[in-house]
Amino acid sequence: MLEALNTWILAQGAQYNVNPYIFGAIYIGAIPFFFASIAWLVKRARAGRSTVAPTMLAGFFFVSAYLYLAVFGQDIPVWVWIFLAALIAYGAWSTIRDTRRKIAAAKADDAGDSAA
């Protein structure tokens, strides 16, 4: 059964000129870098410094696997791009919301520490 699944996955990759294992490695491998960028963003926001660089890095790591698909993929169906656009939009909205909450909580903690 695993051999059949592996064959099917590789066939999908061959059809679209993308190695699914490279895609998966990029997708999973970018996760710690994404979270590190978000932590850096929160730290810089708390300090009142520019958050442009960590925001750009977080965005890059968030879409890195899809960049691989866009650069090397061929004949990717339109529905895949629509689905990915929806995932990216939802993920960006969710990340922005959560990051704003973390920044607000960190600032509240700092204000509480200053008052004590």
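No experiment lies behind these values; they were computed from the predicted model shown. Quick note: residue numbers are just sequence positions, from 1.
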Looking only at non-hydrogen atoms, find the nearest pair between A30 and F61 and report the distance.
-> CB-O, 3.5 Å
Of all the heavy-atom pairs spanning P20 and G13, show the shortest one and how long it is.
-> CD-CA, 3.8 Å
For F83, look at atom CZ and say whether over 12 heavy atoms of other residues, nucleotides or ligands are found less than 6.0 Å away.
-> no
Search all heavy atoms of W40 against all heavy atoms of P54 and return the closest pair with its distance.
-> CE3-CB, 3.4 Å
Least distance between heavy atoms, V18 atom then G73 atom = CG2-CA, 3.4 Å
Does I31 share a hydrophobic cluster with I96, counting links as ILVMFWY side-chain heavy atoms below 4.5 Å and allowing steps through other members?
-> no
What are the two closest heavy atoms between S50 and R44, and how far apart are they?
-> O-NE, 2.6 Å
Look at the aromatic rings of Y68 and F23 and report parallel, tilted or perpendicular, splitting at 30° and 60°.
-> tilted
Can you check whether F72 reaches N19 side chain to side chain, under 4.5 Å on heavy atoms?
-> no
Would you call W93 and R97 a side-chain contact if the rule is heavy atoms closer than 4.5 Å?
-> yes
Is it the case that more than 12 heavy atoms not belonging to W8 sit under 6.0 Å from its CH2 atom?
-> no
Nearest heavy-atom neighbours spanning L41 and T99 | CD2-CG2, 3.3 Å
